[in-house]
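Contents: one structure, followed by commentary.
Worth saying up front: this structure is predicted, and the values here are computed from it rather than measured.
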Amino acid sequence: MVNADKTIDVDTKPWSELLPEPAYKWPFELDYFQKRAVLCLEKHESVFVAAHTSAGKTVVAEYAIALSAKHMTRVIYTSPIKALSNQKFRDFRATFQDVGLLTGDCQIKPEAGCLIMTTEILRSMLYAGSDVIRDLEWVIFDEVHYINDAERGVVWEEVLIMLPAHVGLILLSATVPNIEQFASWVGRIKNRKIYVTSTLKRPVPLEHYLFTGNSTKTSDQLYKIVDQTKRFLPTGYKLAREASVIDCLKKRDGLPAVAFTLSRKRCDKNAAMLSGVNLTSPGEKNEIALFYRRCTSKLKPIDRKLPQVVHLEGLLERGIAVHHSGVLPILKETIELLFARGLVKLLFATETFAMGVNMPARSVLFDSNRKHDGRGMRDLIPSEYIQMAGRAGRRGLDSFGTVILVQRQQKCADQQDLINMMLGKAAPLISKFRLTYGMLLSILRVGSLRVEDLMLRSFVEFGRRGQPNQIKELEAIKSKRANFKDLETKIEGTEFENYLRTAKEMIKARRDVMTEVFNQGNVKAMSAGRLVLVQEKRIAVILAKSATNVTCLINKKIGKSSIYRLCNLVEFKFEKEDDFDADVITIPITGLLNIYLLKKFNSTL
């Protein structure tokens with residue numbers, strides 16, 4: 001059994017003594033977590049690096065590429081999206097000469113020692129038995145937390161399981177709570193130690209603001225709601241509820257900015273609404289025009305007249321651009337290059353732009369705190385929000401990054417919802433492993449793999465069987481529980497015995513009262529529309545009752561607005577509330593904790 005290990009120490013000796021002849025040198029001193037990772041690579045140990053956006057995880061990837069070149073072997077860098085693959089290809093090619101790119105759109109120098117590709121491409125190479133795998137020394141998995149993706153997360157598990165034992169692994173991820181659990185699983189299936197190194201330090205701290213555009217003070221329309229120390233400021237939230245974001249950013253020197261708009265349609269719409277906004281100087285306009293025409297010159301003459309090509313040229317000359325999956329690949333890459341040069345001042349982008357693309361801005365804007373995930377509307381979870389917000393603040397240029405949530409006063413998010421989104425814990429790495437027809441056909445074609453082996457070695461199966469530490473903890477808890485068998489005898493005559501007896505009597509009395517109220521059919525307290533308190537101390541409204549149960553409508557969220565939104569839904573005051581998440585539940589009478597003796601919803605609360 002192989003567990004994650006954190007014993008590498010870089011404080012025992014000066015760095016020059018620990019690594020006298022490094023394979024690669026940087027013009028700056030490495031951070032502690034970077035030094036630990038580099039020492040692991042020198043010993044050909046696999047490593048899991050977890051850090052915030054722009055914290056310097058790419059340093060570890062660069063050292064692996066340099067080591068591979070030194071050893072005359074090959075290295076593969078995988079990413080979840082083509083945009084990130086394209087950017088890393090440009091970055092690494094500027095540093096290392098022998099770099100190639102393999103995506104669904106193009107193949108550049110496939111014989112190179114360092115290959116950049118999406119994880120799906122690597123999976124296809126493994127199933128096909130590619131010769132590249134034979135000379136492979138390292139595989140770098142960037143954005144490992146993408147394993148949580150419901151549709152594509154399974155690909156990461158397939159690749160990790162199928163990689164040969166001689167290949168070293170470098171896992172790069174945002175900070176997640178179960179790093180060691182995931183590293184332990186990888187270590188077990190690869191029969192090696194996975195060294196974990198991480199940092200919670202953010203190179204450029206973030207300040208979060210709320211903008212409603214309703215303030216009469218045009219000089220101060222941004223209200224700080226989370227400071228650099230991650231402290232929520234209720235005063236700023238209150239002022240924002242009582243108060244053009246572009247003008248505000250210009251006055252605060254907040255450009256360049258990325259405006260995350262979680263819909264392709266809204267990206268284009270928001271950019272079109274700024275037809276009268278000009279953010280570039282005459283010199284920048286000329287530079288943008290020349291660069292854009294040089295890039296689009298590779299297109300056929302008839303393609304240069306496409307509406308999107310013509311429209312984007314006009315937007316770019318004014319310092320505005322859009323970036324989403326509907327933009328042509330060549331135009332998307334052109335926009336990325338112009339943004340990296342600082343010529344795009346305001347970029348409307350979807351969530352994929354935040355997925356590892358190293359293009360930080362001074363400010364980040366959100367036009368909503370809700371998104372459609374393919375099943376319905378929901379709030380952004382903390383990991384999604386932080387991934388996008390982390391693009392704010394340029395290391396070495398800005399003392400802090402500005403994050404702005406643009407909200408309408410009438411639809412301003414609940415304070416508790418903002419606290420949960422901005423300061424909540426990141427989502428853990430969760431297996432999305434599933435058998436697909438494509439996977440089964442690929443395994444049958446290879447012949448050397450068995451479906452059963454793939455399933456048994458998956459991350460989900462590892463969680464079911466339990467980790468070594470969890471098994472030990474379970475045995476310890478069982479041992480403690482055995483000591484409580486004679487608990488009633490041990491507490492006899494103590495104050496705790498009286499407390500326990502009183503608590504049992506109170507619970508029985510409450511159930512008896514609820515049953516009595518329920519059995520009296522003429523009592524209005526149990527009629528439809530009555531507010532009740534149910535499990536987890538949550539408010540619900542009675543819809544109907546039967547002989548032993550009640551059917552209630554309960555809001556999935558807990559907030560001050562829950563009661564009123566339940567009221568609106570029951571009374572049909574609104575035809576539709578897309579962002580309202582409620583459930584209809586049926587519970588026994590004993591599940592009611594309290595009945596609020598208020599008037600029903602069809603009257604004033």
### Shortest non-hydrogen separation from E158 to R123 and the atoms involved
OE2-NH1, 2.9 Å

#### Entry: Nearest atoms (heavy-atom pairs only) where L200 meets T175
CD2-CG2, 4.1 Å

### Query
Under 30°, 30 to 60°, or over 60°: which ring-plane class applies to H44 and W138, parallel, tilted or perpendicular?
tilted

### Query
Is the shortest side-chain N to carboxylate O distance from D253 to R362 below 4.0 Å?
yes

### Task
Please indicate whether Q308 has more than 12 foreign heavy atoms, meaning atoms of other residues, nucleotides or ligands, lying under 6.0 Å from its CD.
yes

### Separation of I140 CD1 from E62 CD (nearest 0.5 Å)
9.5 Å

### Query
Does a side-chain N-to-carboxylate-O contact under 4.0 Å join R457 and E157?
no

### Message
Check this for me, if you would: do E21 and K70 make a salt bridge, where the nitrogen-to-carboxylate-oxygen distance has to be below 4.0 angstrom?
### Response
no

### Query
At their closest point, which heavy atom of P164 faces which heavy atom of I133, and how far apart are they?
CG-CG2, 3.5 Å

### Message
Looking at every heavy atom in both P110 and L115, which two are closest together, and how far apart are they?
### Response
O-CD2, 3.6 Å

### Message
Given F141, which partner from the list I170, L160, I147 fulfils the side-chain contact (heavy atoms from CB on, under 4.5 Å) test?
### Response
L160

### Nearest atoms (heavy-atom pairs only) where I179 meets A50
CD1-CB, 3.4 Å

### Query
When you look at OH of Y437, are more than 12 heavy atoms from neighbouring residues, nucleotides or ligands closer to it than 6.0 Å?
no

### Task
Take the angle between the ring planes of F182 and F459 and call it parallel below 30°, perpendicular above 60°, tilted in between.
perpendicular

### Task
Would you name the heavy atoms of V75 and S68 that are closest together and state the gap between them?
N-OG, 3.6 Å

